[in-house]
Structure formats: structure tokens, C-alpha cells
Amino acid sequence: MNETLAIVIYVVVALAVVGSVAALLVRTRRTPKGMYPTTRDANDPVTGAGAHAAGTGLLDAPPAETDVVVPDDLRDLEAAPAPEAPALETPDPVQGRLARLRARLSKSNNALGKALLALLSSDKIDEDVWDEIEETLLLADLGTEPTMELVDALRERVKISGSRDPQEVHQMLREELIKLVDPTLDRSLAVTRHADKPAVVMVVGVNGVGKTTTVGKLARVLVAEDKDVLLGAADTFRAAAAEQLATWGQRVGVPTVKSDVDGADPASVAFEAVKAGIDGEVDVVLIDTAGRLQNKVGLMDELGKVKRVIEKQAEVDEVLLVLDATTGQNGLMQAKVFSEVVNITGIVLTKLDGTAKGGIVVAIQRTLGVPVKLIGLGEGADDLAPFEAEGFVDALLS
């Protein structure tokens, strides 16, 4: 019994040893280098002389590096075109603008002249006719005092000549209107560079009169006169004003100094613009300011500060007040308040077209004692030109 048990134990031990050895052999077996570890797929290529019929074989060697052949002649290959810089616009010559503006004014805003000529050419000019003439002039925003001056002068001349000839009446009316518009006023812009500094022009006005657009158009006028111009975007209250001004400048190759900070100090921006103009030796620096409400004391004081800060490094040669001609007598109130804060040197009268009344030119000049220097009749980029007294009157009477 004991012998039988011992035999069984020896057999079990022997089997265990044999199993351990077999397992060790299996674990240490390696797939020969270059052999597939599994049965090859039908689409695996068989390469080399060592391929076996049993379906296993050497792994494909990595393909040899192939030289890339670059053709010598690249004439048939088209390179991508380089991006083109935006073409600069060429502003219209100033003289050409004057002729075009006069033609447009004569078509759209000549109700005043026609009414006066009709009345003065009547067969009988009595008190009722003179009353109508006076009313026509007042409705044209000429103002009370200029109206009375013109009526008195025409009364005297008609009485002396006794003529009703339309051509003679036209000439008398033209001469008296030119006197009122006053061709003796100096309407030139102070935009001549000083010995070591640029001329500086500030543009001011209430909200909505088109100051930023006017600055852009004025830059075009100066570029057409071969001036080297720099713009200063000191209107930091209106979010789009700086970008709008920069766009105007880019169209004619004029740089713009602006702040990247919303609500930046406008005086600081104006100061930096003038400094850049001095460093760059430009001819003219145009400063766009924020629209002001004439009844807001704080905003008007801020405008005075902008001017004082600029004058720490350069003289302000021009302060142009932009007025909307269609506002009539309300524009006179605006002009008075602005003239009390900054020394207005000239008026830019915009929208002097069909709905405006030509007499506002005389009224504004009489109120401020400063000339209308520039007029605008439309929305076009070159619809801004120097004001001429005789040309303006001729347009009214044509």
C-alpha cells in the first residue's frame, strides 16, 4: 500500500516538473526576426526567397528612400499672386470742385434769386411788393438786419434808375447780394507749414453735423493741393469715429493717430497727434474733436482743454466750426456758444443744397464776424470746396 502511494507521488511530481519545463520553453520562444507572427492575409505580398509555403514569411523591409525629382523648368507652374495694396484715390482738383458745386447749387437752391427777380421785375413796385421782398429774404434766413440793408439799398437804386428791365434788375440784385456776402473777407485756410512745425487745424461742432466726414473731406482738399497731412482722432466718445477717420485717411494715403482705449482722454490724443506731426515734419495736422452740445458746460470746457494742451507744443492756426446749413437760425445759437469757448476762425457750411436757405451764409458771418471758408453740397468724397462770394451769389441768381 505504501509502495503504491509512493509511486503515485513520484508520477505527480514528474508530471509537474515536465509541465513547468514545457511552459518555460513556450514563454521564452521568440518569433524569428523577419517572420510574420500570424497567418498571412491573402493580400499581404510575399517577398524575398525566404517565403514559406505554409503562409508565414519575412516581413517586408521598409521601402528604400526615393529621391524626389524637381523639374528644372518651372515655367508651367503658376505662383499664387501676392496680395495687392489698396490703390490710393486721387482727389479732384479744387478748381474743378468749385465749378461742379456752383452748377449743383444753381439747380437746387435758387428759389431765393428767382423770387427776388420776379418781384423786382414787376410792372409796378409798390409797398406790397417791397413787403414781399422783405418776407422772402427773411424766409431765406438772411437775418433781420441784413434784410433791411438789402431792401433799403434796392429801393434807392430802383427809384433812381426807374428801370424794370430784367437784366438791369438782375445786375442790381447781384451787386447788393455780393456786398452782403462780403468778398473782402479773408477766406483762405491757414495751412502753411511753419519753419519747424506743422500748421494745426481743429474741427469742432455739435453732434450730427458731420465733423468727422468733413475732416476726411478736408484732408482730400489738402492732398489735392500737394500738402502732407496727418489726422488726429480726438473724438474718443463716439466708438466708430476713430476708425471712420482712419478709413478716410487710408483712401488718400494719410496716416491717423488714434487711441486703442475706449474713452481715452481726447486732449492726450490731440497732443500725441501734433507731436507725431512735428516728428514727421508734415505740413498740416487736422484734429477731429467730439461732438459737443452747446448747452453742456462740461463738454465745452473739455473742448477748451484740448486746444490748450495742443498749444503746449504748437500754435492752433485754424479752428473751423462745422454747421449744418439746414438748421437755419439754430445754427447761429450753436455758433455763438462755440465762439465763446474757442476762437473760431472760419465756418464750414455743410448740406448747402435744396433744403438749405442761402441767406444763412450772411447771417452766420454777421453773427460771428468770421467768414464761411468751406461749403459742402452733397455726400460725395469730393463735395467740399472753398467758398467764393461771387460764385455763390451767381449760383443763387442763375
Side-chain angles (χ1 to χ4, degrees), residues 191 197-220 222-223 229-280 282 284-324 334-335 337-348 350 374 376 381 384:
V191 290
K197 294 179 181 179
V200 178
V201 178
M202 281 182 62
V203 181
V204 303
V206 300
N207 296 313
V209 295
K211 281 184 296 59
T212 300
T213 298
T214 297
V215 175
K217 291 182 178 182
L218 179 54
R220 296 177 68 93
L222 297 176
V223 168
V229 182
L230 182 141
L231 305 179
D235 182 354
T236 59
F237 295 109
R238 187 165 63 91
E243 293 303 323
Q244 180 185 357
L245 187 64
T247 299
W248 275 101
Q250 289 169 1
R251 292 169 65 179
V252 287
V254 171
T256 300
V257 174
K258 57 188 180 70
S259 174
D260 294 329
V261 179
D262 292 336
D265 180 18
S268 297
V269 176
F271 182 90
E272 291 301 324
V274 174
K275 183 177 184 298
I278 293 173
D279 294 342
V282 303
V284 187
V285 177
L286 300 179
I287 304 294
D288 181 28
T289 63
R292 312 282 164 170
L293 298 174
Q294 70 271 22
N295 57 350
K296 297 293 184 181
V297 177
L299 291 176
M300 296 302 290
D301 289 344
E302 181 70 31
L303 182 61
K305 175 187 173 184
V306 171
K307 186 172 185 287
R308 290 193 301 272
V309 167
I310 291 174
E311 289 175 333
K312 290 182 178 181
Q313 56 183 337
E315 179 184 355
V316 176
D317 299 273
E318 288 273 9
V319 180
L320 299 176
L321 174 62
V322 181
L323 291 176
D324 182 339
Q334 298 170 11
V337 177
F338 274 92
S339 64
E340 294 170 359
V341 178
V342 288
N343 182 30
I344 303 298
T345 59
I347 304 296
V348 181
T350 65
L374 296 162
L384 184 73

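Everything numeric here is computed off the predicted structure, so don't read it as measured data. FYI, the numbering just counts along the sequence from 1.
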Could you tell me which non-hydrogen atom of [X] sits nearest to which non-hydrogen atom of [Y], and how far apart they are?
X	Y	answer
Gly304	Val342	CA-CG1, 4.4 Å
Lys211	Gly205	CD-N, 3.2 Å
Ala264	Ser259	CB-OG, 3.3 Å
Ala246	Lys258	CB-CE, 4.2 Å
Val285	Gly277	CG2-CA, 3.9 Å

Nearest-0.5 Å distance that lies between atom [atom1] in [X] and atom [atom2] in [Y]:
X	Y	atom1	atom2	value
Asp279	Lys275	CG	NZ	4.5 Å
Thr289	Phe237	OG1	CZ	10.0 Å
Glu243	Leu245	CD	CG	9.5 Å
Leu231	Leu286	CG	CG	5.5 Å
Lys217	Thr212	NZ	OG1	12.0 Å
Ile278	Gln313	CD1	CD	4.5 Å

Are Asp265 and Lys305 within salt-bridge range, i.e. N to O under 4.0 Å?
yes
inquiry  = Assess the residue pair Gln244 and Asp235 against the criterion (side-chain contact (heavy atoms from CB on, under 4.5 Å)); give the C-alpha distance rounded to whole Å, side-chain angles, the decisive distance to 0.1 Å, and a yes or no.
reply    = CA-CA 11 Å; Gln244 180 185 357; Asp235 182 354; over 6 Å; no
| Would you say Arg220 and Arg251 make side-chain contact, with heavy atoms under 4.5 Å? | yes
Close side-chain approach of Val191 to Val229, heavy-atom, < 4.5 Å = no
[X] (side chain) donor-acceptor with [Y] (main chain) under 3.5 angstrom:
X	Y	answer
Thr256	Gly232	no
Asp317	Val201	no
Thr345	Val319	yes

For Glu311, the salt bridge (Lys or Arg N to Asp or Glu O under 4.0 Å) test, sequence neighbours excluded, returns Lys307
- Message: Between Leu230 and Val257, is the side-chain contact (heavy atoms from CB on, under 4.5 Å) condition met? List the steps.
- Response: CA-CA 8 Å; Leu230 182 141; Val257 174; 3.9 Å; yes
- Query: Where do Leu320 and Leu218 land on the side-chain contact (heavy atoms from CB on, under 4.5 Å) test, with the steps shown first?
  - Reply: CA-CA 11 Å; Leu320 299 176; Leu218 179 54; 3.9 Å; yes
Of Val306, Asn343, Ile344, the one forming a side chain to side chain contact (heavy atoms under 4.5 Å, CB included) with Met202 is Val306
_Working note: Trp248 + Val254, criterion side-chain contact (heavy atoms from CB on, under 4.5 Å); need CA distance, chi angles, decisive distance, verdict._
CA-CA 8 Å; Trp248 275 101; Val254 171; over 6 Å; no
